[in-house]
Structure formats: C-alpha cells, structure tokens
Amino acid sequence: MNRRPWIHRIAGTAVATAALVALAGPAEAVTTASATTTATSASATVTAADVDYDTWQKDCQVVMDQALPYLKQRIANTKPGEKQAVVLDIDNTALETDFGFSYPQPANKPVLEVAEYAQDHGVALFFVTARPGIIYSVTDYNLKNVGYQVSGLYVRGFFDLFKNVADYKTAQRVDIESKGYTIIANIGNSPTDLSGGHAEKTFKLPDYDGQLS
C-alpha cells in the first residue's frame, strides 16, 4: 500500500486520538549538541514519496537486527546493583502511527520484539513522546494493550508544548537517570528523539527525511 497521511486512515476512536496527537505540532529541528553515544540507523531503501508498509518494516528490521545483539550482550554484562532501562519514542517507533488502521494502534513488530527481550530480562521500558498530556491515558493503554510493559510514560505538559522537542526529550532521560537507571539504549525515528546524550547507545529508525512523525 502507498503511505498516506495517517490522520485520514485511522478509523473510529483512533481519529480522535490522531487529532489530539496533532496538537503536539511537528517535531522541531535539533538545536542541542549531537549525542556523544554511538548511533545506528537504517539506510532507507526508497524515497519518502514511495515508502510503503513493507519497506518501512524492512528498514526498521535492519536497525533492530543490530539493536538486539547489542542488548543481549549489554544485559549479560549487567553490573552489580545496576538498574537498566531502554527509552523508546512512540510514534512510528513503538507504534505503527502512520500505518495503523485502528485503535489501539499496532506495535511496530521489530521494535516490540526487541522490547520484549529487554523487559523479559528485567530491563525497564520508558516511553518519551512529544504527544500532549491530554492523551496520556489512551497512549498508556495502547502501549500496554499491544505488549509493552510500561515502567514510565513521559508526555508533554502545557508548558512543554512551547519548548524545543529535543531539549524536552533530553530532560526526560535525565529524569530517568535521576531515578537510578542506566539507559543502555535509546530508540527513536527522529533526531529529536536521540540528540542530547544520556544513553549508552542510540538506534535510529527511518523517518524518510522527516516524512514520518
């Protein structure tokens, strides 16, 4: 199928959810310093105008095929007393936002597979999103419904809506670290998800030059 703007393709309850997500506005350009951690990303196999679901899934799988072996090794080398965490973006990372036909939106399968390995081995999953707080409950339900064990969900409050997205997301990772967690991986599809550091390794999913939210 050809990709169309997702807000026109999500039926029923998801239409209301999509409208609320739109309140968050488009992702801002990165203005913070680049992350010092190693980043892994997929080489998009097609242009944004041509991308379809199967291609997107293939490109996501390329990245997760690198993330899973890393996580297996890192988890096996957990330090005594260390609390490990993985941070995930939501739209077109944890969930199939642009390709989801219904609510709850389906999990992005390659990402869910990696997340399930992590959570089954005692790693906490934190979700940091630019979605506004008004849809916290429906987002939390969606994530849990499709198989994610949510240790924490960070959404934007009213004043956060006026802040740079990259800075906002970095601040949430700092907060996670303040709770005693070591963020062993940060997974997202936008540079705003990954810049600013505070993660041992980052994995970038395709956004096709910003065409996916």
Side-chain angles (χ1 to χ4, degrees), residues 30 32-45 56-96 106-130 139-140 142-155 165-207:
V30 179
T32 56
S34 299
T36 58
T37 52
T38 303
T40 300
S41 61
S43 297
T45 57
W56 175 64
Q57 285 286 280
K58 178 181 177 181
D59 289 342
C60 287
Q61 191 67 61
V62 168
V63 180
M64 294 298 97
D65 282 346
Q66 297 175 63
L68 186 56
Y70 159 74
L71 284 174
K72 288 181 176 179
Q73 182 178 39
R74 182 63 181 86
I75 292 168
N77 293 317
T78 302
K79 302 171 185 176
E82 183 179 53
K83 296 196 303 181
Q84 295 182 338
V86 170
V87 172
L88 301 101
D89 171 51
I90 293 179
D91 292 307
N92 298 306
T93 297
L95 300 178
E96 295 183 351
N108 183 358
K109 297 178 187 67
V111 174
L112 179 62
E113 179 182 356
V114 170
E116 287 179 328
Y117 181 88
Q119 64 194 24
D120 288 347
H121 289 79
V123 178
L125 301 184
F126 289 91
F127 296 83
V128 178
T129 177
T139 300
D140 183 64
N142 196 153
L143 291 168
K144 292 174 179 176
N145 180 267
V146 298
Y148 293 104
Q149 295 176 8
V150 181
S151 294
L153 170 59
Y154 290 82
V155 295
V165 174
D167 292 343
Y168 155 75
K169 292 199 169 189
T170 300
Q172 310 321 304
R173 295 195 300 276
V174 171
D175 184 72
I176 293 166
E177 290 178 330
S178 75
K179 301 180 189 302
Y181 288 95
T182 298
I183 300 174
I184 60 175
N186 181 18
I187 302 171
N189 77 325
S190 169
T192 59
D193 301 329
L194 307 175
S195 65
H198 298 281
E200 291 185 347
K201 195 173 182 69
T202 62
F203 294 89
K204 186 182 182 304
L205 299 171
D207 67 349

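Everything numeric in this text was worked out from a predicted model, so none of it was measured.
In this structure, the side chain of T170 does not engage the main chain of G197 through any donor-acceptor pair within 3.5 Å. In this structure, the side chain of Y181 does not engage the main chain of V86 through any donor-acceptor pair within 3.5 Å. Under the 3.5 Å distance criterion, the side-chain polar atoms of Y154 are left unmatched by any main-chain donor or acceptor of R173.
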Evaluation steps, side-chain contact (heavy atoms from CB on, under 4.5 Å), between I90 and L143: CA-CA 9 Å; I90 293 179; L143 291 168; 3.9 Å; yes
Could you walk me through whether D89 and K169 satisfy the side-chain contact (heavy atoms from CB on, under 4.5 Å) test, starting with their C-alpha distance in whole Å, then the side-chain angles of each, then the deciding distance to 0.1 Å, before giving a yes or no? CA-CA 9 Å; D89 171 51; K169 292 199 169 189; 3.0 Å; yes
K204/D193 under side-chain contact (heavy atoms from CB on, under 4.5 Å): CA gap, chis, key distance, verdict: CA-CA 9 Å; K204 186 182 182 304; D193 301 329; over 6 Å; no
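Atoms CD and CD, from Q119 and Q149 in turn, are 4.0 Å apart once rounded to the nearest 0.5 Å. To the nearest 0.5 angstrom, N186 atom CG is 12.5 Å from K201 atom NZ. In this structure, CZ on F127 lies 6.0 Å from OH on Y148, to the nearest 0.5 angstrom. Rounded to the nearest 0.5 angstrom, L194 CG and T202 OG1 are separated by 5.0 Å. Note that the CD1 atom of I176 and the NE2 atom of H198 stand 11.0 Å from one another [nearest 0.5 Å]. A distance of 5.5 Å separates CG of D207 from CG of N189, quoted to the nearest 0.5 Å.
Counting all heavy atoms, side chain and backbone alike, L125 lies closest to A118 at CD2-CB, 4.3 Å. The two residues Y168 and V128 make their nearest non-hydrogen contact at CE2-CG1, 4.4 Å.
Of the listed residues (N108, N142, T129, L112), just one forms a side chain to side chain contact (heavy atoms under 4.5 Å, CB included) with L95, and that residue is N142.
Side-chain atoms of Y117 and V123, non-hydrogen and from C-beta on, never get closer than 4.5 Å to each other. By the 4.5 Å heavy-atom criterion applied to side chains, D140 and V150 are counted as neighbours.
Screening residues 107-126 for salt bridge (charged side-chain N to carboxylate O under 4.0 Å, His left out), with sequence neighbours left out, gives E96-K109. Counting only residues at least two apart or on different chains, the salt bridge (charged side-chain N to carboxylate O under 4.0 Å, His left out) pairs with a member in residues 176-188 are D175-K179. Contacts classified as salt bridge (charged side-chain N to carboxylate O under 4.0 Å, His left out) and involving residues 75-85 (residues at least two apart or in different chains) are given here: R74-E82.
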